There are 2 protein chains.
Amino acid sequence: MTNAGGRKGGRARVERAERGIPEATVARLPVYLRALTALSDRDVTTASSEDLAVSAGVNSAKLRKDLSYLGTYGTRGVGYDVDYLRYQIAREIGLTQDWSVVIVGIGNLGHALANYSGFASRGFRVTALLDSDEARVGESVGDLHISSLDDLDEIVRSGSVSIGVIATPAAAAQIVCDRLVAAGVSSILNFAPALLSVPDHVDIRKVDLSIELQILAFHEQRKTGALTGIKAGTG
Amino acid sequence: MTNAGGRKGGRARVERAERGIPEATVARLPVYLRALTALSDRDVTTASSEDLAVSAGVNSAKLRKDLSYLGTYGTRGVGYDVDYLRYQIAREIGLTQDWSVVIVGIGNLGHALANYSGFASRGFRVTALLDSDEARVGESVGDLHISSLDDLDEIVRSGSVSIGVIATPAAAAQIVCDRLVAAGVSSILNFAPALLSVPDHVDIRKVDLSIELQILAFHEQRKTGALTGIKAGTG
DNA sequence: ACGATTTTGTTCTCGCGTTCACAAACTCTT
DNA sequence: AAGAGTTTGTGAACGCGAGAACAAAATCGT
C-alpha cells in the first residue's frame, strides 16, 4: 500500500551528533539503566529491545530509538549485551565517575535524603550536610555531621561539589540557591515548593511532593464523579 | 459549603470545557494555585496573565490557554481576580474537599512524608501510617502511630482513603501496591524505585529521587566538557 | 554456502503541546 | 458617549516526541 516508492529525498544527510540527545530520552536513560541492572542481577546476559522495553515499562521502538542516540550497541538478530549496554549508558549519564552532592536544609526531608541509599549506590556521594540553623550544626546524621551554611564555599571548592540539593522551607530556598550558585554549584535539585531563578549556566530540576498529590487528586475527583463537595457514599 | 462570594452575578459555568483538560495543563494547575496563593498573601487582589505567568514561571499565552480550559474566569482589559481564580482552580483540582492519604513504608522517607506540612496545608490528610515491619508497629510519628499493613483494608474502608503513598524499598513496592489496590485505593504515589503495574482504573505517579540526580549528572557532565568520560577508574 | 529467521536501526506519519498573533471585550479618559 | 488603551480568549502555525513500519545485518539450519 503505502510502500515507499521512488520518492527519495536528496536532502543533505543530517549529522547524528552525539551532542543532541533529546531531553525526553535523557530522562529515560536512568530507567533503562535500572532495568538493565535488574536483568543483570538475574544473570540475564542478553536482552532484546522488547525484553528491555517490558522491563523498563516503555515501547520497544521508543527504546531502540533512544539507544540509537547513544551509538550502535546492539547486534541485529541477537539483541543487547546487558552488561555492555549498562556500562555504556552509565558512561553516557556520567555515572562512571563519582559526583559530590551537598544537601542544604536538614529537616525531615533532608534527613531522609541524607540516609537515602539510592544515591550512594549510583555514584552520588553526599559529602556535606548544611543547615542555617546553628542549633542543628554539629548534629550527626549517619556518617556525616551537619555543617554551617557559612562553610558552603570551602566545602564546595575543596570537595569539587557540582550538585546541590535544596530541602529547605520555601522561604529560604532562593537565598540558599543563590549561595550555592555563588559557591560554584552548577546543578541543583530543588525540593522546596518555590520557583527558583538561576543563571543560564546552572541546571535546576524540581521535585514537588504536593504537586504530585494534587495531580492525583484531580484525576481521582474525575473518577468518583464528585462534582460538588463530599458525597457520603453508602453507609 | 461556603461559597467564595458570588462575584458579578453568577454566570453559567462552561461545562463542556471540563471534559478534556490536557494532561500538561493539569500538571500546571497546582503551580498556578501556588502562585495565586503567593500573590494573595501579598495582598494582591488582581493580576494579569503576564503577572501570573511570571509568578508561576511560565509563558503568559500558555497560562491563558490553560485557564481557558477551566472556564472564562478573567476580565478583558483587567485581568484575573486573584482569590476568585484561586478558588476556581482549587475546586477544579479537587482541593475544596479533603483527601485521605495513607503512607506505606515508614522508613526515613515515609517518616519525612508523614511530617511534611505541605500535604496538610492543601487538603491532604494523612490518616494512617502503615509498615509491614511488626517491630515498628505502634511507634508514634507526629500525631499518628504506625499500624500494621494487615489493617489496610479496614483503614481504607472506614476512612474513605483513595490515595496511597508507597515509600517502601523497591522489593516490597509491587506487593504493597497490589494490597492498596485490593483495598480500594485508586490513586497511588510511588517513591520506590520500581516499575509498578496496576489495573487501568488506578492512577499511578512516580517520584524517583535518584533519577532526578542522574539527569542532572548527565547535563553536568556535558557542561564540564568531560567528553572522554573515562578517567581514573574508581578501582 | 545460502536462504530463513530474528532483531536492530531508521524513516515516516501522526498527534500533542507550545507559541504567535489578533479579534473581542472591558475600562478609562475626555 | 465615543474613542483610546488594555488584556483576555482563541485560531493557526510550528516543533517535538511517540509509535508503526521497514530495510539492513546478524545468526541458524540444511
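Labels below follow one simple rule: chain letters A, B, ... track the order of the sequence lines, proteins then strands, and each chain is numbered from 1. Only a predicted model underlies this, so the values are computations on that prediction, with no experimental measurement involved.
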Note to self: Without decimals, in angstroms, what is the distance between A/Glu23 CD and D/dA18 P?
What the structure shows: 12 Å
Note to self: With a cut-off of less than 4.0 Å, is there a side-chain N or O of B/Tyr80 near OP1 or OP2 of C/dC26?
What the structure shows: no
Note to self: I want to check something: taking the side chain as every heavy atom from C-beta on, are B/Val101 and B/Phe119 in contact at a cut-off of under 4.5 Å?
What the structure shows: no
Check: So, does the side chain of A/Arg76 form a donor-acceptor pair with the base of C/dT7 at under 3.5 Å?
Finding: no
Next item on the list: Mark yes or no for whether A/Asp178, through its side chain, and A/Ile175, through its backbone, hold a donor-acceptor pair below 3.5 Å.
Entry: no
Notebook entry, point to check: Nearest-Å distance, CG (B/Leu70) to P (D/dG9)?
Noted result: 10 Å
Checklist line | Nearest-Å distance for atom pair CD/P, residues A/Gln88 and C/dT8 | finding: 17 Å
Item checked: Any side-chain heavy-atom pair of B/Thr37 and B/Arg86 under 4.5 Å -> yes
Check: Yes or no on salt bridge (Lys or Arg N to Asp or Glu O under 4.0 Å) for A/Glu50 and A/Arg64, after CA distance, side-chain angles and deciding distance?
Finding: CA-CA 9 Å; A/Glu50 183 62 29; A/Arg64 288 198 301 277; 5.9 Å; no
Check: On DNA chain D, nearest-nucleotide positions of A/Pro22 versus A/Thr75: which is more 5'?
Finding: A/Pro22
Next item on the list: Please state how far atom CG in A/Leu85 lies from atom P in C/dT8, giving the value in whole angstrom units.
Entry: 11 Å
Margin query: Quick check on contacts: within residues 59-67 of chain B, what sits under 4.0 Å from DNA chain D by heavy-atom distance?
Written below: B/Arg64, B/Lys65
Item checked: Contact check, side chains of B/Leu39 and B/Leu52, non-hydrogen atoms, under 4.5 Å -> yes
Checklist line | Residues in contact with DNA chain D, drawn from residues 40-52 of chain B - heavy-atom cutoff 4.0 Å | finding: B/Ser48, B/Ser49
Next item on the list: Would you check if B/Tyr80 and B/Leu67 make a side-chain contact, meaning some heavy-atom pair closer than 4.5 Å?
Entry: yes
Next item on the list: Determine the sole option in A/Arg34, A/Arg28, A/Arg122, A/Arg205 for which the salt bridge (charged side-chain N to carboxylate O under 4.0 Å, His left out) test with B/Asp208 is passed.
Entry: A/Arg34
Check: Do B/Glu92 and B/Val26 have side chains that get closer than 4.5 Å, going by heavy atoms?
Finding: no
Next item on the list: Report the distance from atom CD1 of B/Ile21 to atom C1' of C/dG17, rounded to the nearest whole Å.
Entry: 15 Å
Note to self: In the structure I gave you, are the side-chain heavy atoms of B/Ser162 and B/Ser187 within less than 4.5 Å of one another anywhere?
What the structure shows: no
Notebook entry, point to check: A/Thr25 near the nucleic acid: base, sugar-phosphate alone, or nothing, with a heavy-atom cut-off under 4.0 Å?
Noted result: nothing
Check: Are any of B/Tyr69's side-chain N or O atoms less than 4.0 Å away from OP1 or OP2 of C/dG17?
Finding: no
